[in-house]
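I have placed the structure first, in the form of structure tokens, so that the comments after it can refer back to it.
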Amino acid sequence: MSIELDLSRKPAATAPPNLAGRGREGLRLAMISAGVEEKKARMRANQLWRWIYHYGVTDFAKMTDVAKELRAVLGETFVLQRPEVAAAQTSVDGTRKWLIGYGPNTEAECVYIPDVGKAGALCVSSQVGCTLTCTFCHTGTQKLVRNLSAAEIVNQVMVARDTLGEWPTSNEDRLLTNIVFMGMGEPLYNLDNVVEAIATITDGEGISISRRRITVSTAGVAPKIPELGARTGAGLAISLHATNDDLRNELVPINRKYNLKELFDAIRQYPDLSNSKRVTFEYVMLKGVNDTLAEAKDLVRLLKGVPSKINLIPFNPWPGTKYECSDWETIEAFAEVLNRAGYASPIRTPRGRDILAACGQLRSESVKQKASERLAERLAAKEAAAEG
Ligand code: SAH
């Protein structure tokens with residue numbers, strides 16, 4: 001096998017950089033690279049910001065307050081593109097799921113759930129795949145492919161707002177009011193990008209979703225928990241699922257690294273916790289595994305002194321799982337113990353189960369390729385091109 005390189009051929013044109021999803025600083029730098037004077041770059045970036053994040057435009061020509069010549073330069077240099085929507089599904093209950101393609105072998109899902117939060121919540125992914133291997137979670141069966149960039153996370157919100165027709169909307173009559181980082185991946189293993197994405201999503205001159213309506217869920221990366229609060233002001237959710245270390249080690253293996261004591265020490269350091277800003281504890285109901293009344297009482301004891309809400313999540317089955325959802329009476333009896341301890345309506349109604357959009361059911365087919373596989377693929381493509 002020999003490969004000849006044709007040096008007379010120009011390298012394949014690379015796609016122009018995408019500005020949609022970028023933060024303010026990213027936009028400012030883009031303006032400078034397009035030739036805008038440095039002292040005007042911030043002002044230009046601010047103009048673009050409004051068009052991109054308030055009006056949702058995907059065409060520079062529509063930016064009527066930007067000089068025509070600059071619009072032309074921007075149009076030649078950059079794009080304002082959404083990622084590809086590889087599949088879109090709607091559940092009988094109105095839940096919508098998008099499979100978003102960020103490039104070859106890099107797909108992540110995000111889910112819009114109406115009538116949750118103030119009006120509706122978008123559940124976003126922070127990684128393609130996951131490193132955590134929680135035994136009851138479908139995403140946990142998919143190896144980590146990579147972290148999503150801040151722009152890629154923001155673009156999930158942009159895609160949802162496109163479909164919901166929310167460019168622009170007043171804050172009063174929106175369909176998308178809340179964001180939960182409860183899709184694929186562990187947000188605290190991608191904290192810098194999550195922080196930047198939240199800054200963009202909450203910016204008052206753009207998408208303008210309040211930080212109070214953003215919740216980041218973690219399986220328990222203890223050392224990053226206080227930092228998350230300090231850098232984002234978002235709400236904290238903890239995927240607890242067990243009340244003792246032995247069981248939690250099995251269900252949520254990151255517990256072997258940061259046990260319940262370390263986890264709760266970190267949670268207590270989360271800034272500004274109060275009755276109006278509580279930690280959400282997620283507890284998946286697994287038949288015969290973690291659903292006894294004794295565990296309900298342990299849960300109450302464990303949360304003592306932490307301003308908390310509890311979400312009991314009926315286990316959502318997925319192909320190949322060994323777990324079953326607890327019986328409804330068991331869930332109700334468990335909830336009753338929590339109710340008596342002062343936790344109101346703790347059972348979360350499953351949404352979007354028919355399209356595998358419910359908690360823990362998200363997964364994409366993307367797999368990480370080894371460098372050697374990528375190289376082999378590239379060489380094969382070159383050969384095919386040379387032959388063809
Ligand atoms: N890695 C983060 C973000 C994912 S959030 C975290 O673990 O918090 C997804 C939530 O759904 C988590 O609480 C997770 O434990 C829960 N979950 C996972 N699989 C589930 C399933 N099959 N049924 C119900 N909930 C599930």
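Just so it is clear, the model here is predicted, and its values are computed rather than measured. The first residue of the sequence shown is numbered 1, and numbering continues consecutively from there. Ligands are counted one by one from 1 in listed order, and the atoms in each one are counted from 1 as well.
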Considering residues at least two apart in sequence or located in another chain, which fulfil the salt bridge (Lys or Arg N to Asp or Glu O under 4.0 Å) criterion with Glu282?
-> Arg348
Contacts of Glu109 meeting side chain to side chain contact (heavy atoms under 4.5 Å, CB included) (sequence neighbours excluded), chain-then-number -> Lys97, Leu99, Met184, Leu362
Those residues that, when tested against Ser33, pass side chain to side chain contact (heavy atoms under 4.5 Å, CB included) (two or more places apart) = Phe78
Could you give the N/O to N/O pairs under 3.5 Å linking ligand 1 and the protein, each with its distance?
| unit_1 | atom_1 | unit_2 | atom_2 | d |
| --- | --- | --- | --- | --- |
| ligand 1 | 1 (N) | Gly185 | O | 3.0 |
| ligand 1 | 1 (N) | Glu186 | OE1 | 3.1 |
| ligand 1 | 7 (O) | Ser239 | OG | 3.2 |
| ligand 1 | 8 (O) | Ser217 | OG | 2.6 |
| ligand 1 | 8 (O) | Thr218 | N | 3.3 |
| ligand 1 | 8 (O) | Ser239 | OG | 2.6 |
| ligand 1 | 13 (O) | Ser239 | OG | 2.7 |
| ligand 1 | 13 (O) | Glu282 | OE2 | 3.1 |
| ligand 1 | 15 (O) | His241 | NE2 | 2.5 |
| ligand 1 | 22 (N) | Phe136 | O | 3.1 |
| ligand 1 | 22 (N) | Asn316 | O | 2.8 |
| ligand 1 | 23 (N) | Asn316 | N | 2.9 |
| ligand 1 | 23 (N) | Cys359 | O | 3.3 |

Over all atoms of both residues, closest heavy-atom pair of Pro17 and Thr77 = CD-O, 3.4 Å
Just by distance, do the side chain of Thr141 and the backbone of His138 share a donor-acceptor pair under 3.5 Å?
-> yes
Above 12 or not: heavy atoms from other molecules or residues under 6.0 Å from NZ of Lys297?
-> no
